[in-house]
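See below for the structure under consideration.
Every chain is numbered from 1 and lettered A, B, ... according to where its sequence line falls, protein lines coming before strand lines. Predicted, not measured: the structure shown is a model, and the values here were computed from it.
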Protein chains: 2
Amino acid sequence: MDNHNEEIVPEMCKVTDALGILVGKWKPVILLHLLKNGTQRFNELKRSLPGITQKMLTNQLRELEEEDIIERKVYAQVPPKVEYSITDYGTSLEPILHAMHVWGTNHTIHKQTKRNNQAEAK
Amino acid sequence: MDNHNEEIVPEMCKVTDALGILVGKWKPVILLHLLKNGTQRFNELKRSLPGITQKMLTNQLRELEEEDIIERKVYAQVPPKVEYSITDYGTSLEPILHAMHVWGTNHTIHKQTKRNNQAEAK
DNA sequence: TGGTATAGTATAAAAAAAGATACTGTGGAA
DNA sequence: TTCCACAGTATCTTTTTTTATACTATACCA
């Protein structure tokens with residue numbers, strides 16, 4: 001048995017680092033859109049994200065690009081054309097997003113069940 | 001082949017819901033402490049979390065309790081004694097926290113590598 | 001000639017999250 | 001008698017995040 005047990009030591013925990021990349025009101029949805037639909041132009045994304053402002057979209061995309069999760073490709077055209085896509089490295093996030101989605105789905109059920117139980121216990 | 005493919009539809013995505021539970025500057029660390037050390041008293045936790053204010057700790061604990069992730073047990077004593085622990089249900093978060101930790105750890109390396117490559121490319 | 005689409009930037013304001021600080025009541029120890 | 005530990009509350013201030021709004025340049029179309 002080798003000695004790299006996988007216990008997380010809170011003091012050197014990287015969970016927050018990982019979270020930092022996912023957090024932001026719009027980042028998960030942006031990632032899911034890019035994962036599902038592949039390469040997208042700026043305004044395509046914008047139309048898929050009702051309510052987002054251009055500034056927010058730009059911000060979130062830049063932050064994801066900074067982390068090497070997505071790629072930004074600018075075409076030298078007028079009017080401008082900019083395409084966004086998930087990098088190969090970025091796809092390594094997919095299992096986590098998926099796990100969170102599954103957990104989140106179950107959690108909504110869990111909470112509903114709990115509420116019902118509490119209601120009938122009165 | 002059955003028809004429940006697990007593709008995440010962004011429109012009905014629960015990732016944000018799951019994230020909402022983990023987000024908060026202190027929640028992941030609190031959870032990791034409780035997972036690692038088991039039941040803890042309020043001030044034990046506080047001492048383990050250098051820099052946290054009582055208000056923040058109380059807040060985060062109440063929010064986690066609200067989601068049924070942790071349990072709060074009050075002893076009718078003076079001075080007061082309150083114990084916090086992960087619920088059985090709460091442990092279902094462990095794989096996700098673990099996955100995020102592993103991903104986060106790798107990500108720090110990834111970024112370092114990228115920086116080095118960029119530096120030597122100049 | 002005016003209007004539209006593109007991918008943004010700039011600035012300010014509002015809202016949410018986090019932090020600082022002071023306060024509570026009570027039993028036991030010094 | 002004063003002080004400490006306990007598990008919090010109550011306010012107030014600061015910081016961060018998000019939103020709202022207006023503005024840019026240029027090609028194309030009618």
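- The separation between Ile52(A) atom CD1 and dA7(C) atom P is 14 Å, rounded to whole Å.
- The distance from atom NZ of Lys81(B) to atom C1' of dG27(C) is 16 Å, rounded to the nearest whole Å.
- In the set dA7(D), dT18(D), dA18(C), the nucleotide with an atom closest to the side chain of Lys25(B) is dA18(C).
- Note on Gly24(A): only backbone sugar-phosphate atoms sit closer than 4.0 angstrom, heavy atoms only; bases stay farther off.
- Between Asn59(A) atom CG and dA20(D) atom P there is a gap of 15 Å when expressed in whole angstrom units.
- Between Arg41(A) and the phosphate of dT6(C), there is no side-chain N or O to OP1/OP2 separation shorter than 4.0 Å.
- For Gln54(A) and Pro79(A), each mapped to the nucleotide of DNA chain D holding its nearest heavy atom, the one lying further toward the 5' end belongs to Gln54(A).
- Between His107(B) and Tyr89(A), the distance separating the two ring centers is shorter than 6.0 angstrom.
- Distance NZ (Lys46(A)) to C1' (dT19(D)): 13 Å, rounded to an integer number of Å.
- When rounded to the nearest whole Å, the span between CD of Glu63(B) and C1' of dG8(D) equals 16 Å.
- Between the side chain of Ser85(B) and the main chain of Gly38(B), no donor-acceptor pair closer than 3.5 Å is present.
- Looking at the side chain of Trp26(B), the nearest of the listed nucleotides dT18(D), dG19(C), dC6(D) is dG19(C).
- In terms of phosphate contacts, Arg62(B) brings a side-chain nitrogen or oxygen within less than 4.0 Å of OP1 or OP2 of dT9(D).
- Phosphate contact (OP1/OP2 of dC6(D), side-chain N/O of Arg47(B), threshold under 4.0 Å): present.
- Using a cutoff of 4.0 Å between basic side-chain nitrogens and carboxylate oxygens, Glu63(A) and Lys27(A) are scored as salt-bridged.
- The interatomic distance linking Lys73(A) (NZ) with dA7(C) (C1') rounds to 17 Å, in whole Å.
- Under 3.5 Å, the side chain of Lys55(A) and the base of dG8(C) form no donor-acceptor pair of N or O atoms.
- Proximity of Ile52(A) to Leu45(A): side-chain heavy atoms (C-beta onward) are nowhere separated by under 4.5 Å.
- As a whole-Å value, the separation of Tyr75(A) OH from dG8(C) C1' is 18 Å.
- Between dT18(D), dG27(C), dA7(D), one nucleotide has an atom nearer to the side chain of Pro80(B) than all others, and that is dA7(D).
- Whole-Å rounding puts the Tyr84(B) OH to dG8(D) C1' distance at 8 Å.
- Among dA7(C), dA20(C), dA18(C), the nucleotide with an atom closest to any side-chain atom of Phe42(A) is dA7(C).
- Closest-nucleotide positions on DNA chain C for Val23(B) and Val74(A) were compared, and the one nearer the 5' end corresponds to Val74(A).
- Although no hydrogens or angles enter the test, the distance criterion places no donor-acceptor pair under 3.5 Å between the side chain of Glu65(B) and the main chain of Arg62(B).
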